[in-house]
Amino acid sequence: MQRCSMNNCPVVLVHGWKSHPGVWKRLALRLEERGIPAWKFDHSGMRDESAPAVAAALQGYIRTMREESDHAGAIDIVCHSMGTLATRYLLEVMDGSARTERVRNLIGIGPPNNGSSMAELFNDPVHGPGIRRLLAGTFVPHGYRPAEDAIVQDLRPGSRVVAALRAAGIRDDIRYRVIMSANHAAASGFFPLFEGKTWVFASDGTWETTYAGDGIIPHADSYLPGAGYDILPLDPVLLHREPDTYCHLRLPGNPEVIERILEYVTNPATRPSGFFPEGEEGTRK
């Protein structure tokens with residue numbers, strides 16, 4: 001029976017909304033080069049399902065992979081975007097009291113921990129239609145109807161799923177790491193459709209745009225008390241070279257993001273490179 005040592009815990013990779021396991025190609029290769037098993041959970045065929053349904057499928061997948069690999073020890077989980085919400089629902093709501101899921105690190109890349117401003121924006125009667133047209137073919141399909149998308153409804157800040165996560169709170173037996181990006185250089189090429197900015201839905205129902213986000217997920221969406229934070233790039237000069245590599249859609253393959261993940265899964269006690277900027281968490285809790 002396999003046990004988890006410092007450098008060979010299996011890493012479960014959970015992709016985001018309307019995505020696929022292929023986004024983990026670079027990270028999976030780097031993990032495998034170090035002898036770390038990469039378990040790629042595929043929920044791309046569940047696009048009509050809810051976030052709790054994805055969480056239940058993830059639980060089944062982990063159970064199957066444990067049986068096939070004969071691994072009973074701890075695992076690490078790396079998630080992108082909505083994948084973090086579904087994973088947290090599994091760990092904190094479904095398994096919160098039983099704690100049968102043995103997880104060492106939960107690493108969220110651009111996670112909507114407080115719900116997604118973009119999901120709310122899709123549904124906004126004033127801004128929604130224009131935003132959906134702007135993103136058609138890039139982030140959403142042409143003719144996209146958010147009211148018919150169960151996951152997007154679960155991602156809205158006022159959803160029952162987000163409320164359940166807020167009520168459950170994080171687990172003290174798991175290290176939480178949040179990896180975000182920010183357009184510190186105000187580079188328009190960061191996410192050109194929004195001129196380098198990210199939309200933020202405030203608690204009073206108003207809208208703002210900010211450079212404190214990855215084009216899709218603002219920092220306020222990712223704030224999670226008790227987590228450690230990395231806000232990338234650490235060197236803003238990188239935003240002048242390849243700014244789009246730090247936007248939300250490309251974060252899973254970003255070299256700097258991958259290096260931070262490798263550091264966490266090989267040296268779990270590594271301290272995060274930064275902290276959550278004072279004031280940014282106040283937009284929505």
Side-chain angles (χ1 to χ4, degrees), residues 16-18 51 79-85 88 108-136 138-140 144 146 149 151-159 161-163 165-166 176 178-227 229-233 236 239 243-244 246-251 257 274-285:
W17 176 72
K18 296 190 182 301
C79 319
H80 181 224
S81 194
M82 163 266 161
T84 312
L85 193 86
R88 286 187 56 211
I109 306 170
N113 287 317
N114 299 302
S116 165
S117 291
M118 185 58 64
E120 192 65 32
L121 188 60
F122 286 159
N123 288 273
D124 187 86
V126 176
H127 300 290
I131 291 295
R132 296 196 301 269
R133 285 193 298 269
L134 182 64
L135 297 180
T138 302
F139 194 68
V140 297
Y144 174 66
D149 190 323
I151 287 180
V152 160
Q153 297 308 311
D154 287 341
L155 282 168
R156 297 177 72 175
S159 75
V161 168
V162 173
L165 286 172
R166 188 175 293 114
Y176 290 76
V178 173
I179 299 177
M180 306 175 288
S181 65
N183 189 7
H184 298 300
S188 60
F190 180 85
F191 194 70
L193 292 175
F194 292 156
E195 298 181 341
K197 294 185 178 182
T198 306
W199 285 72
V200 189
F201 182 61
S203 56
D204 61 1
T206 60
W207 291 99
E208 301 173 0
T209 56
T210 178
Y211 289 117
D214 61 23
I216 298 297
I217 301 293
H219 292 177
D221 287 4
S222 296
Y223 177 64
L224 185 64
Y229 299 94
D230 293 285
I231 301 177
L232 306 178
L239 290 170
D244 61 314
Y246 287 90
C247 76
H248 185 77
L249 298 177
R250 299 187 63 182
L251 286 177
V257 172
F275 57 92
F276 203 90
E278 184 178 357
E280 288 187 13
E281 76 277 10
T283 302
R284 188 176 67 255
K285 293 183 181 179

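For this chain, numbers begin at 1 and follow the sequence in order. Since the model is a prediction, treat every value here as computed from it, not as a measurement.
For the atom pair Asp244 CG and Ser188 OG, the distance stands at 11.0 Å (nearest 0.5 Å). In this structure, NZ on Lys18 lies 5.0 Å from CG on Asp149, to the nearest 0.5 angstrom. Rounded to the nearest 0.5 Å, atoms CD1 (Ile216) and CZ (Phe194) are 5.5 Å apart. Here the CD-CZ distance, from Glu208 to Phe201, works out to 11.5 Å after rounding to the nearest 0.5 Å. Rounding to the nearest 0.5 Å gives a distance of 4.5 Å between CG of Asn123 and CD of Gln153. Going from atom CG of Asp230 over to atom CG of Leu232 covers 5.5 Å, rounded to the nearest 0.5 Å.
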**OP:** Decide side chain to side chain contact (heavy atoms under 4.5 Å, CB included) for His219 and Ile231; before the verdict, give the C-alpha distance in whole Å, the side-chain angles of both, and the deciding distance to 0.1 Å.
**Re:** CA-CA 9 Å; His219 292 177; Ile231 301 177; 3.8 Å; yes
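With contacts defined as side-chain heavy-atom distances shorter than 4.5 Å, the pair Asp154/Met82 does not qualify. Using a 4.5 Å heavy-atom cutoff, the side chains of Ser181 and Leu251 are in contact. Side-chain contact between Val178 and Asn113: present, with at least one pair of heavy atoms (C-beta onward) separated by less than 4.5 Å. Under the 4.5 Å side-chain criterion, counting only non-hydrogen atoms from C-beta, Phe191 is not in contact with Asn183. Contact of the Leu134 side chain with the Phe139 side chain is not registered, since no non-hydrogen atoms from C-beta on lie closer than 4.5 Å. The shortest side-chain heavy-atom distance between Met118 and Trp17 does not fall under the 4.5 Å cut-off. Within the 4.5 Å cutoff, side-chain heavy atoms of Ser116 are placed close to those of Ile217. A 4.5 Å side-chain heavy-atom check between Tyr144 and Val152 finds at least one atom pair inside the cut-off.
Between the side chain of Tyr229 and the backbone N or O of Leu224 there is at least one donor-acceptor pair closer than 3.5 Å. For the pair Ser222 (side chain) and Pro111 (backbone), a donor-acceptor distance under 3.5 Å is present. The closest donor-acceptor contact from the side chain of His80 to the backbone of His248 lies under 3.5 Å. With hydrogens and angles disregarded, a donor-acceptor distance shorter than 3.5 Å links the side chain of Arg132 to the backbone of Phe122.
What you find for Thr84 and Cys79 is that their closest heavy atoms are OG1-CB, 3.2 Å. For the pair Val162 and Gly115, the tightest heavy-atom approach, listed with the atom from each and the gap, is CG2-CA, 3.8 Å. When every heavy atom of Leu155 is checked against every heavy atom of Pro112, the shortest pair comes out as CD2-CG, 3.8 Å. Ala51 approaches Ile151 most closely through the heavy-atom pair N-CG1, 4.0 Å. In this structure, Ala182 and Pro233 approach most closely via the heavy-atom pair O-CD, 3.9 Å.
Here Asp124 pairs with Val126, His127, Trp207 under the side chain to side chain contact (heavy atoms under 4.5 Å, CB included) rule; sequence neighbours left out. Not counting sequence neighbours, Phe190 has no partner by the ring pair (Phe, Tyr, Trp, His ring centres under 6.0 Å) test.
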